[in-house]
Structure formats: structure tokens, C-alpha cells
Amino acid sequence: MKKFFDLFEKTPARVATLLFAAFAFVSLALFSCSDMSSGSGAGVIVPDASKAYVKIAGVQMEGAAGISKTVLPGSLTVDDFTDWDLNFERTGGVLEPIASADTFAELTDGVIEITNPSPDGDKFVLRAKRGDVQFKSDPVTATLTPGVAASLTFLLKTGTGNGSFYVKVNFTGGAVAADWTLYKNSELFDSGVAEFSKTGAGGSAVVNKDPATQGTYTLEISFYGDQAKTIPLNTYSELVRVLPGYKSQAERDIDLNALYKITYKNLPDDYTIEGGGTLPLNYSRKSNASMGGEIMIPSVAASGKYFAGWYTSCP
């Protein structure tokens, strides 16, 4: 560049003007050639400016909206899928293969040549598999232009088949066993024994169902204070949504030890307990293993009075 400008300085004005004009023309020609070899405004390079191409610009997954206390299908990425293929959708929904690859990276490595594109636009469908479940997009329509790589973005939707779910409940309390029950439309659908582990002052219960049929369920995990499961402590429940090809997963923390204070009303000052002992002052519907399961309120006696029993609800 230094030599070029030295020449510029030593050249008469007319010659310098001609040289500058020639340089500008060459620069314009170079930039024009660069633009012609680019596929689209995004700067995608196409091998042949006389042919039409497509470029898969992105893939989104079908979402799963839900509410709190609901175990929802987890998010997926393109790396979770195999057996990718891009297709034309012809009349009647018939798919005509264009390109295929084992991975998304292989399918999107460069542009894909489209032979005989329709002047009225073509419909493209993307498919991929996750396990045995086929995911498929709705048709995306694009009108192709020679020398340009059309960018396509797809939304993959799940098909038919099974999903799975995994729920882990960490607890604090005296439970030593747990089982689970699955309800669909308020009817018993399935049940089993939870994977249980005891650690220190608590533990965890796991329900891992794979495969699981598509649908929305109520999952109940029941905790017990003995191995024979004759002392129920508490039942934890929430909704589980299962979609084909997805794994719904959640981990919860609960406390089985919350105690409730018992207040006795209208007791005479001189009351006594039939059979001895004392009236319990605390009770937990969540964890009462130390109380032997269901709590029994003993009868009381008082001078000159007849004990008819306890109210079943507060007056």
C-alpha cells in the first residue's frame, strides 16, 4: 500500500484520476462477486448460483405449559434426537425425502440443494426420533430463488408413544417405607413400591416409571412408620404430565415432623385420666410414628360429672 500511494503522489493529476477510477471499479466488481456468491442476506454461501438451496436455521421444541406442583416434561435439545430427515410434503401429506443424517449437526452442516423447486413455493417437513418416538414438524412453506439459500425454522412436535417420569421426594421425619399410587381421571391406574432410602433424620422416596403412557395423572406417595405399612404417616401428592418422548422430572422437599398443638376446652380443674397417664399436647397428621399410628385421646373423669366423650369437631 505504501508503494501505491507513492506512485499516486508522483503521478500527474489526470493519470492519478484514471488510476483511482480503475481501482474503484475493481473494488466494486470484487464486492459484487462476493454478494452474488452469498446465499441470502445472512451471508450463506451457495455452491452454485444457478441452483436453489435451503438452510435449516433453527429448531424449537413443543413446550409444555403447566402450573405449580405439577411435574412437567423436561426441556429437550437437538442433541437428544437421532435419525433426522428433511422432506417435501406433497399432495395428500405424502413425504418425499430430501436429506437425512444421524445428528442435527450433520444435517445442518452447509446448505441443502433443492432440485426442481416449485415457483409457487414448496412445503418442508422436518422429522427426528427420540427413542421410539417420532417427532415431526408442521409444514413450513418457502418460495426458493436460484443462488439463494432460504432459511427454514421448524417447531418439532411429539408424536405417539410413551414417555417417562421421575419424582424424588426428600423428607424429614420418621418414615421407614413408602409406596405410590397413580390415578387417571380419579381412577386407579397403577401402583408400586417407592425406592426408599433412610438417612439420619429423614430420607427419600423415588418413583421412577419408564415407560409411562401419555396423559395427566395424580401421583400419591404414602409414607409409613413401620415396614409392614400399618402406620400411615402422610401422603404427598401432585400432578404429573407425561408426553411421548419426554421425561417429566421433579425433586421435592417436605417435612413429616410438623406437630400440631392440641387444646382442650371445658376440662374441669380436678380432672383425672382413666387408666392413668397424661393427655397428649401435640399431634401430627404427617408423622406420628412415636405415637403408634392414630392418636387415641383417653377418657377423663371429674368429681360429680359424667364424661360423655369428645367432640368430633370444634364447636
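Small disclaimer: the values here were computed from a predicted structure and weren't measured. Only this structure's heavy atoms are used, side chains among them; waters, hydrogens and symmetry mates stay out.
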Quick check: is L156 connected to V125 through a chain of hydrophobic side chains (ILVMFWY, heavy atoms under 4.5 Å apart)? no
Within the distance-only criterion (no hydrogens, no angle test), does the side chain of [X] pair as donor or acceptor with the backbone N or O of [Y] below 3.5 angstrom?
X	Y	result
T158	P244	yes
R127	F135	no
K55	D109	no
T103	E106	yes
S191	W180	no
S248	R241	yes

Does the side chain of [Y] come within less than 4.5 Å of [X]'s, by heavy atoms?
X	Y	answer
N87	F124	no
D138	L155	no
L86	I112	yes

Mark yes when over 12 heavy atoms from residues, nucleotides or ligands other than [X] sit less than 6.0 Å from its [atom1]; otherwise mark no.
X	atom1	result
D210	CG	yes
K129	NZ	no
K247	NZ	yes
K51	NZ	no
D132	CG	no

Output yes when [X] and [Y] qualify as a salt bridge under the 4.0 Å nitrogen-oxygen rule, no when they do not.
X	Y	value
R90	D122	yes
E195	K168	no
D190	K209	yes

Would you call the rings of F189 and Y217 parallel, tilted or perpendicular if under 30° counts as parallel and over 60° as perpendicular? tilted
Distance, nearest 0.5 Å, that separates CD of E238 from CG of L219: 7.0 Å
Verdict with reasoning, S222 to T235, per side-chain hydrogen bond (donor to acceptor under 3.5 Å, both in side chains): CA-CA 4 Å; S222 299; T235 298; 3.2 Å; yes
Between F196 and Y224, does the ring centroid distance fall short of 6.0 Å? no
